[in-house]
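Quick notes on the structure that follows.
These numbers come from the heavy atoms of this one structure, side chains and all, not from hydrogens, waters or symmetry mates. Note that this is a predicted model, so its numbers are computed, not measured.
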Amino acid sequence: MIILNNRIISFWSAGGSTGKTTLAAAFTLALKKYKKDIVLADFKEVTPHIHRYFGLKLSDKSNIYEAVENGSSTAEAVKEHLQKKQGIWILSGFGMNDFAKFEEKHFSAVLEVLKNEFEYVVVDTNGGIFFSSTYTALKNSDVIFAVTAPTVWSIEDTAQMINFVSNRWGVEKEKFNAVLNAVSKEEVDTSTAEKILEIEAFSVRYGQKNILKDVTKIAEFLLKKDIEKVIDIKRAEEAKSFGVN
């Protein structure tokens with residue numbers, strides 16, 4: 001049986017107030033219908049919100065920092081902060097005290113633990129390009145959903161930021177998908193957004209019921225691509241075993 005490598009899926013935006021955290025949470029809940037080993041990791045520094053969304057406490061993560069610095073078991077330290085709610089595992093974010101200490105190597109260690117423990121890791125990042133946690137998440141992601149308001153300015157800002165991340169951080173542009181989240185009056189449709197951004201785009205309508213329906217469709221699309229990839233790999237291996245080039 002062929003199993004794909006564990007996937008890291010990040011929700012990111014060029015700026016704030018795009019509804020990114022709500023979509024990350026909704027996507028994870030939608031994904032649990034099809035996958036069991038899922039974790040939602042809050043990589044927002046200073047002002048994390050995932051714990052509030054699920055009614056959980058924000059824990060101080062000094063033990064993770066110390067484990068990385070001392071070379072001790074990072075896995076055990078990270079597991080202490082995993083909480084289960086609504087059928088998914090959750091790692092709460094990094095508050096002000098953690099922000100003052102944590103660097104890229106600490107966030108990389110956390111992601112490595114989660115990737116080894118879960119089949120899918122969904123990450124809610126800070127918007128923009130100004131935090132080491134955001135850099136770490138995007139550098140290690142297999143799929144990045146760039147959440148934007150359906151306005152020309154927001155989409156153009158997103159295009160500019162994606163180009164920066166791709167050119168300066170070396171993140172492949174093929175990993176990005178745009179999500180037009182109707183947090184404001186819609187000015188731009190998905191086809192126009194795809195022309196501006198030069199990546200695939202999805203649309204999420206306003207309202208809780210619409211969010212759940214539309215995000216579920218995005219999750220199903222992602223899973224379908226995974227299945228197609230498995231089939232392609234299997235066919236290639238079968239062809240190779242028969243000596244077909």
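- You'll find the side chain of Glu69 reaches within 4.5 Å of the side chain of Lys105, heavy atoms only.
- In plain terms, the two heavy atoms of Trp12 and Gly127 that are nearest each other are NE1-C, 4.5 Å.
- In the hydrophobic cluster analysis, where Ile, Leu, Val, Met, Phe, Trp and Tyr join through side-chain heavy atoms closer than 4.5 angstrom, Val179 is grouped together with Leu223.
- Between atom CG of residue Asp189 and atom CG of residue Leu180 there is a gap of 8.5 Å, rounded to the nearest 0.5 Å.
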Side chain to side chain contact (heavy atoms under 4.5 Å, CB included) assessment of Val110 paired with Ile64
CA-CA 8 Å; Val110 172; Ile64 297 177; 3.7 Å; yes

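- Put simply, OG1 on Thr190 and NZ on Lys195 are 10.5 Å apart, with the number rounded to the nearest 0.5 Å.
- Going from atom CD of Glu156 over to atom CD of Gln160 covers 9.5 Å, rounded to the nearest 0.5 Å.
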Asn177 vs Phe202, test: side chain to side chain contact (heavy atoms under 4.5 Å, CB included). Steps then yes/no.
CA-CA 8 Å; Asn177 296 272; Phe202 304 91; 3.9 Å; yes

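- The main-chain N or O of Gly16 is never found under 3.5 Å from a side-chain atom of Ser13 such that the two would form a donor-acceptor pair.
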Using the rule given for salt bridge (Lys or Arg N to Asp or Glu O under 4.0 Å), can you reason through Lys139 versus Glu172, listing the C-alpha separation, both sets of side-chain angles and the distance that settles it, and then say yes or no?
CA-CA 9 Å; Lys139 283 286 289 184; Glu172 297 174 12; over 6 Å; no

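- In the hydrophobic cluster analysis, where Ile, Leu, Val, Met, Phe, Trp and Tyr join through side-chain heavy atoms closer than 4.5 angstrom, Val165 is grouped together with Ile196.
- Summarising the geometry of Ile155 relative to Ala193, their closest heavy-atom pair is CD1-CB, 3.9 Å, with the distance given to 0.1 Å.
- Put simply, the side chain of Ser141 never gets that close to the backbone of Ile144: no donor and acceptor are under 3.5 Å apart.
- For the residue pair Thr148 and Ser154, the shortest heavy atom distance occurs at OG1-OG, 2.6 Å.
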Could you list the donor-acceptor pairs under 3.5 angstrom formed between side-chain atoms of residues 45-55 and any protein atom two or more places apart in sequence or on another chain?
unit_1	atom_1	unit_2	atom_2	d
Glu45	OE2	Ser133	N	3.1
Glu45	OE2	Ser133	OG	2.6
His49	ND1	Lys44	NZ	3.2

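- The local environment of CH2 in Trp169 is crowded, with over 12 non-hydrogen atoms from other residues, nucleotides or ligands closer than 6.0 Å.
- Note that the OG1 atom of Thr216 and the CD1 atom of Ile211 stand 11.0 Å from one another [nearest 0.5 Å].
- Around OH of Tyr34, the count of heavy atoms belonging to other residues, nucleotides or ligands within 6.0 Å exceeds 12.
- Contact annotation: the side chain of Leu197 never approaches that of Phe176 to less than 4.5 Å [non-hydrogen atoms, C-beta and beyond].
- Side-chain N or O atoms of Thr28 include one that pairs as donor or acceptor with a backbone N or O of Ala24 at under 3.5 Å.
- Closest approach of Ala219 to Leu31, counting heavy atoms only: CB-CD1, 4.2 Å.
- A donor-acceptor contact shorter than 3.5 Å is absent between the side chain of Glu104 and the backbone of Ser132.
- Between Asp214 and Arg205, the shortest heavy-atom contact is OD2-N, 2.8 Å.
- Two residues are said to be in side-chain contact when any heavy atoms from C-beta on lie closer than 4.5 Å; Phe43 and Phe131 fail this criterion.
- Judged by the 6.0 Å distance and 45° axis criteria, Lys101 is positioned over the aromatic ring of Tyr65.
- Checked against ring-ring contact (aromatic ring centres under 6.0 Å, His included), Phe145 has the following partners two or more places apart in sequence or in another chain: Phe11, Phe27.
- Linking Ile, Leu, Val, Met, Phe, Trp and Tyr whenever their side-chain heavy atoms come within less than 4.5 Å puts Phe164 and Ile199 in one cluster.
- Remark: Lys173 NZ is packed, more than 12 non-hydrogen atoms of other residues, nucleotides or ligands lying under 6.0 Å away.
- Under the 4.5 Å side-chain criterion, counting only non-hydrogen atoms from C-beta, Glu76 is not in contact with Asn63.
- Side-chain atoms of Asn181 come within 3.5 Å of backbone N or O of Thr18 as a donor-acceptor pair.
- By the 4.0 Å N-to-carboxylate-O rule, Lys175 lies too far from Asp142 to be salt-bridged with it.
- At distances below 3.5 Å, at least one donor-acceptor pair connects side-chain atoms of Ser166 with backbone N or O atoms of Val171.
- A salt bridge links Lys79 to Glu117: at least one charged side-chain nitrogen sits closer than 4.0 Å to a carboxylate oxygen.
- Linking ILVMFWY side-chain heavy atoms closer than 4.5 Å, directly or via other members, places Leu138 and Ile129 in a single hydrophobic cluster.
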Under 3.5 Å, which donor-acceptor pairs link side chains of residues 86-100 to any protein atom two or more places apart or in another chain?
unit_1	atom_1	unit_2	atom_2	d
Ser92	OG	Lys61	NZ	2.9
Asp98	OD1	Lys61	N	3.2

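- Counting only heavy atoms from C-beta outward, the side chains of Val39 and Leu82 approach each other to under 4.5 Å.
- Considering all non-hydrogen atoms of both residues, Ala25 and Leu40 come closest at CA-CD2, 4.0 Å.
- The hydrophobic cluster containing Ile218 does not contain Tyr206, counting ILVMFWY residues as joined when their side-chain heavy atoms lie under 4.5 angstrom apart, directly or transitively.
- Checked by atom type, the side-chain pair Ser72/Asn70 shows no donor-acceptor distance below 3.5 Å.
- Looking at Asn126, its side chain never comes within 3.5 Å of a backbone N or O of Thr134 through a donor-acceptor pair.
- Checking side-chain atoms of His106 against main-chain N and O of Glu103 turns up a donor-acceptor pair under 3.5 Å.
- A tilted orientation is assigned to the rings of Phe102 and Phe107, their planes being inclined by 30° to 60°.
- More than 12 heavy atoms of other shown residues, nucleotides or ligands fall within 6.0 angstrom of atom CD in Glu200.
- A salt bridge links Glu112 to Lys115: at least one charged side-chain nitrogen sits closer than 4.0 Å to a carboxylate oxygen.
- The number of heavy atoms from other shown groups lying within 6.0 Å of NZ (Lys85) is above 12.
- Ile38 is not listed as a side-chain neighbour of Val121, based on a closest heavy-atom distance of 4.5 Å or more.
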